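Each remark here refers to the structure printed beneath this line.
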Amino acid sequence: MNRIALMVLRNIFRVPGLFSKLWHYAKHTDEYPEQEKWNHIHKILGYAVKAGNVDLQVYGKENLPAQDGFVMYGNHQGMFDVVALAADCERPLAAVLKKELADVPMLKQIRECTHSFAMDREDARQSLTVIRGVTEEVMKGRNYLIFPEGTRSKNGNVMGEFHGGSFRAAMKAKCPIVPLCFIDCYKVLDQKGSKPVSVQMHYLKPIPYEEYKDLKTVEVAELVKSRIQEVLDANT
């Protein structure tokens with residue numbers, strides 16, 4: 001059976017209530033606290049992970065900064081990356097998504113609830129507007145997830161190029177950067193069937209602004225990528 005279908009079928013009695021509440025939050029997003037909306041998203045995706053025969057192994061949660069207002073940068077293996085992070089992290093998060101996903105049902109509602117941004121990678125001006133928006137939100141104390149590869153790797157645990165421009169948001173906000181390493185997450189949705197699968201997610205030690213403030217964006221990209229590569233090398 002398809003894994004997404006399994007996630008839905010095993011939660012079929014929960015789906016109407018969970019989704020209707022999510023739609024309500026999205027329609028009236030400014031009327032509800034960030035944490036309340038996030039708790040609901042966290043619950044939905046937690047159910048999905050458990051129902052999908054996924055053993056999500058999480059490491060380094062103690063590395064998350066005590067104060068909000070940081071940006072996570074992770075290697076990108078597929079849509080399950082975001083699901084894994086949201087299912088584990090109990091603190092509100094937003095993300096930068098590609099524009100093609102902006103209006104996909106459920107993703108659209110989550111985007112609206114979390115102040116996430118949709119980026120058009122082919123439009124430089126719009127991309128800069130998104131970076132400015134993320135910067136402003138981080139400075140207000142929100143936390144963001146950005147995939148600096150720009151798209152998912154099609155080579156499993158082999159990373160693609162990290163684009164320096166994606167690090168402008170953290171540099172302008174002068175905030176901590178939290179490297180995030182996903183291992184084997186591509187297997188969840190790329191492999192056929194729904195047999196049990198184990199995946200890993202590693203929160204790495206944050207890189208404070210003082211450590212990277214004198215670097216160029218491409219140098220920050222290489223620094224973060226090298227930290228993630230070390231974890232990939234040690235666990236694959």
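What's counted below: heavy atoms across the whole structure, side chains too, no hydrogens, waters or symmetry copies. Since this is a predicted model, take the numbers as computed values, not measurements. Counting from 1, the numbers follow the sequence of the chain as shown.
- Contact annotation: the side chain of Leu204 never approaches that of Leu180 to less than 4.5 Å [non-hydrogen atoms, C-beta and beyond].
- The 12-atom threshold is not exceeded at CD of Gln67, counting heavy atoms of other residues, nucleotides or ligands nearer than 6.0 Å.
- If you take CZ on Phe162 and CG on Asn75, they are separated by 6.0 Å, rounding to the nearest 0.5 Å.
- For the atom pair Ser153 OG and Phe147 CZ, the distance stands at 12.0 Å (nearest 0.5 Å).
- Partners of Tyr73 according to the ring-ring contact (aromatic ring centres under 6.0 Å, His included) rule, which considers only residues two or more places apart in sequence or in another chain, are Phe167.
- By the 4.5 Å heavy-atom criterion applied to side chains, Thr151 and His76 are not counted as neighbours.
- Side-chain contact check for Pro65 versus Pro206: some heavy-atom pair is nearer than 4.5 Å.
- Note that CD of Gln200 and SG of Cys185 are 9.0 Å apart. Values are rounded to the nearest 0.5 Å.
- With sequence neighbours excluded, the residues forming a ring-ring contact (aromatic ring centres under 6.0 Å, His included) with His40 are Tyr25, listed by chain and number.
- Both the sub-6.0 Å distance and the 45° axial angle are not jointly satisfied by Arg111 relative to the ring of Phe117.
- Legend: residues meeting salt bridge (charged side-chain N to carboxylate O under 4.0 Å, His left out) with Glu137, ordered by chain and number and at least two apart, are Lys140, Arg142.
- For His115, the ring-ring contact (aromatic ring centres under 6.0 Å, His included) test picks out no residue, with sequence neighbours left out.
- Met159 is listed as a side-chain neighbour of Glu149, based on a closest heavy-atom distance under 4.5 Å.
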So Asp88 and Lys61, salt bridge (charged side-chain N to carboxylate O under 4.0 Å, His left out) or not? Walk me through it.
CA-CA 9 Å; Asp88 176 72; Lys61 201 164 184 176; 3.5 Å; yes

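- Every ring-ring contact (aromatic ring centres under 6.0 Å, His included) that His28 has, sequence neighbours left out, goes to His24.
- No donor-acceptor pair under 3.5 Å is formed between the side chain of Lys205 and the backbone N or O of Pro179.
- Within the model, atoms CG of Asn155 and CD of Gln77 stand 10.5 Å from one another, a figure rounded to the nearest 0.5 Å.
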Could you go through residues 189-197 and list every donor-acceptor pair under 3.5 Å that involves a side-chain atom there, pairing it with any protein atom two or more places apart or in another chain?
from: Asp190; atom 1: OD2; to: Arg152; atom 2: NH1; distance (Å): 3.1
from: Ser194; atom 1: OG; to: Met1; atom 2: O; distance (Å): 3.2

